[in-house]
Amino acid sequence: MGAARTISATRRVIVHIGAQKTGSTSLHRFLTRNRDALAARLDVRVPEKGTLTRELGRTCALYSLKPAAHEASLVDLLTQLRAELESEDRVCIISHENIVGAMMGRRGVRDLYPRAGEIVSLIETHLAPFKPDYVLYTRERASWLRSVYNQAVKSDGYAGTQAAFEAETAKARDWAAVAAEVAQVVGDDRLRVFALEDESTADRPGRQLLRLAGLTDPDIDALTPLEGRSNQSLNKGSLEFMRQLNGLGLAQPARKKVAALVKDNQSLFDTDRQKA
């Protein structure tokens with residue numbers, strides 16, 4: 001095992017830690033769609049059902065909410081991941097939007113990823129001797145907050161108005177502060193901060209990440225592009241309906257069923273169209 005560990009420590013690992021609402025879902029769809037084409041060069045690990053990556057992201061978010069309750073589970077998942085990484089030598093991309101922590105609007109979270117450094121520190125400790133590169137995607141703050149608010153209402157049961165949400169998060173730290181916290185753990189040389197606005201083609205998302213993994217622009221352009229958009233926001237009427245529904249305190253199974261109906265029938269709540 002010691003010899004295998006020494007050899008495996010040279011394997012390149014890239015951990016895409018998030019953040020939510022910066023194109024992660026589109027990236028995952030794109031990587032999954034092109035997994036066979038990338039297989040000779042990349043070991044792609046995205047949050048598909050039943051995967052360790054999916055459970056890792058879920059547990060990172062839970063850890064950020066209640067560290068003491070979820071640290072043991074997170075350490076166990078990282079130990080499993082390290083064992084899997086020892087099995088081969090392709091460049092590995094591990095991507096989940098929740099690795100950086102729970103999004104603002106979920107439960108009591110009103111700051112920008114306040115436990116990002118703690119989570120990355122655990123990854124560093126329990127993936128050793130691997131020394132991953134870390135990628136954080138960011139997005140222009142105003143548009144990002146609008147999207148976060150929509151997601152918080154749609155998926156996390158947030159019942160406040162957008163004005164209330166903006167007031168509650170007004171003093172949240174910025175992307176630079178999150179990056180500085182992570183860099184303090186891993187060093188500036190192992191953290192890349194990529195702006196979503198710098199992605200050149202929406203149908204081939206994650207170009208900056210794939211370049212970091214060793215692909216060239218011609219390599220990326222040869223991949224099958226995406227069709228359609230991912231995880232779209234609710235329209236204004238649907239969002240308001242869900243916001244008021246969240247205030248009723250429905251049991252989660254019932255709320256999820258109603259949310260699915262709203263998502264699939266948004267024309268019923270399109271107030272602008274009804275007025276026309």
Side-chain angles (χ1 to χ4, degrees), residues 1-20 24-25 27-28 31-32 35 38-39 41-103 106-107 109 113-137 178-179 181-193 206 209 212-214:
M1 178 63 74
R5 179 74 54 84
T6 300
I7 294 171
S8 66
T10 65
R11 184 182 186 187
R12 184 141 186 242
V13 178
I14 300 171
V15 182
H16 171 216
I17 61 177
Q20 300 97 335
S24 300
T25 302
L27 170 64
H28 297 157
L31 292 176
T32 300
R35 178 175 272 125
L38 294 168
R41 299 178 62 176
L42 298 181
D43 174 15
V44 172
R45 295 170 177 256
V46 296
E48 298 165 296
K49 187 176 180 179
T51 62
L52 182 59
T53 302
R54 185 176 185 181
E55 191 63 18
L56 176 65
R58 186 187 76 86
T59 305
C60 284
L62 291 173
Y63 172 89
S64 73
L65 298 170
K66 292 185 177 181
H70 298 284
E71 182 173 350
S73 296
L74 180 53
V75 168
D76 180 63
L77 289 168
L78 291 170
T79 301
Q80 293 180 52
L81 177 58
R82 183 185 65 197
E84 291 187 5
L85 292 175
E86 292 175 342
S87 64
E88 59 169 292
D89 59 4
R90 286 179 298 167
V91 174
C92 180
I93 295 176
I94 301 163
S95 176
H96 197 302
E97 63 182 7
N98 288 333
I99 290 177
V100 75
M103 186 174 66
R106 183 172 177 180
R107 299 187 190 176
V109 180
Y113 307 115
R115 299 194 184 276
E118 292 179 30
I119 293 170
V120 170
S121 182
L122 286 169
I123 294 172
E124 284 286 286
T125 298
H126 297 286
L127 286 193
F130 296 101
K131 291 186 175 295
D133 290 316
Y134 294 87
V135 169
L136 173 68
Y137 267 87
V178 177
E181 183 178 292
V182 174
Q184 190 172 15
V185 177
V186 305
D188 292 328
D189 60 324
R190 289 202 286 129
L191 173 65
R192 303 293 192 282
V193 181
L209 172 62
L212 179 64

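Both backbone and side-chain heavy atoms feed into the values below; hydrogens, waters and symmetry mates do not. The first residue in the sequence is number 1, and the count goes up from there. Note that the coordinates shown come from a computational prediction; the quantities given were computed from them, not determined experimentally.
Summarising the geometry, atom NE2 belonging to H70 is positioned 14.0 Å from atom CG belonging to D76; distances are rounded to the nearest 0.5 Å. Here C60 contributes atom SG and L122 contributes atom CG; the two are 8.5 Å apart, rounded to the nearest 0.5 Å. Taken to the nearest 0.5 Å, the CG atom of L74 stands 6.5 Å off from the CG atom of L56.
A heavy-atom distance below 4.5 Å is found between the side chains of L209 and Y137. E86 places a side-chain heavy atom less than 4.5 Å from the side chain of F130. L62 is not listed as a side-chain neighbour of N98, based on a closest heavy-atom distance of 4.5 Å or more. L136 is not listed as a side-chain neighbour of R192, based on a closest heavy-atom distance of 4.5 Å or more. Counting heavy atoms from C-beta on, the side chains of I94 and H16 never come closer than 4.5 Å. Side-chain contact between H96 and V46 is absent, with no heavy atoms from C-beta onward closer than 4.5 Å. Contact of the V15 side chain with the V135 side chain is not registered, since no non-hydrogen atoms from C-beta on lie closer than 4.5 Å.
Judged by distance alone, with hydrogens and angles left aside, the side-chain atoms of S121 form no donor-acceptor pair with the main-chain N or O of G117 at under 3.5 Å. Panel note: side chain R90, backbone A39; a donor-acceptor pair is recorded below 3.5 Å. With hydrogens and angles ignored, the 3.5 Å screen pairs a side-chain donor or acceptor of R11 with a backbone N or O of L85. Under a 3.5 Å cut-off, the side chain of E97 and the backbone N or O of G18 do not form any donor-acceptor pair. The closest donor-acceptor contact from the side chain of R190 to the backbone of P132 lies under 3.5 Å. Proximity of a side-chain donor or acceptor of T32 to a complementary backbone N or O of H28 within less than 3.5 Å is detected.
Minimum heavy-atom separation, A183 to D188: CB-OD1, 3.2 Å. The minimum heavy-atom distance linking G206 with L27 is given by the pair CA-CD1, 3.8 Å. The two residues G101 and Q20 make their nearest non-hydrogen contact at O-NE2, 2.9 Å. Nearest approach of A213 to I93, heavy atoms of both residues: CB-CD1, 3.9 Å. Shown here for E124 and Y134, the closest heavy-atom pair between the two residues is OE2-OH, 2.7 Å. In plain terms, the two heavy atoms of I119 and S64 that are nearest each other are CD1-CB, 4.2 Å.
The only member of D43, D133, D89 that meets salt bridge (Lys or Arg N to Asp or Glu O under 4.0 Å) when paired with R12 is D133. Shown are L81, L77, V75; of these, the side-chain contact (heavy atoms from CB on, under 4.5 Å) with T79 is made only by V75.
The pair R35-E48 meets the salt-bridge criterion, since a charged nitrogen lies less than 4.0 angstrom from a carboxylate oxygen. Taking a cutoff of 4.0 Å between a charged side-chain nitrogen and a carboxylate oxygen, E84 and R45 qualify as a salt bridge.
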What verdict does the side-chain contact (heavy atoms from CB on, under 4.5 Å) test give for K49 and R54, after you've listed the backbone C-alpha separation in whole Å, the side-chain angles of each residue and the deciding distance to 0.1 Å? CA-CA 7 Å; K49 187 176 180 179; R54 185 176 185 181; 3.0 Å; yes

Criterion side-chain contact (heavy atoms from CB on, under 4.5 Å) on R106 and L65, from CA distance to verdict: CA-CA 9 Å; R106 183 172 177 180; L65 298 170; 3.8 Å; yes

Do T53 and S95 pass the side-chain contact (heavy atoms from CB on, under 4.5 Å) test, and can you show the C-alpha distance, the side-chain angles, and the key distance before you say yes or no? CA-CA 7 Å; T53 302; S95 176; 5.9 Å; no

CA sep, side-chain torsions, deciding dist, call: Y63, E118, side-chain hydrogen bond (donor to acceptor under 3.5 Å, both in side chains): CA-CA 10 Å; Y63 172 89; E118 292 179 30; 3.0 Å; yes

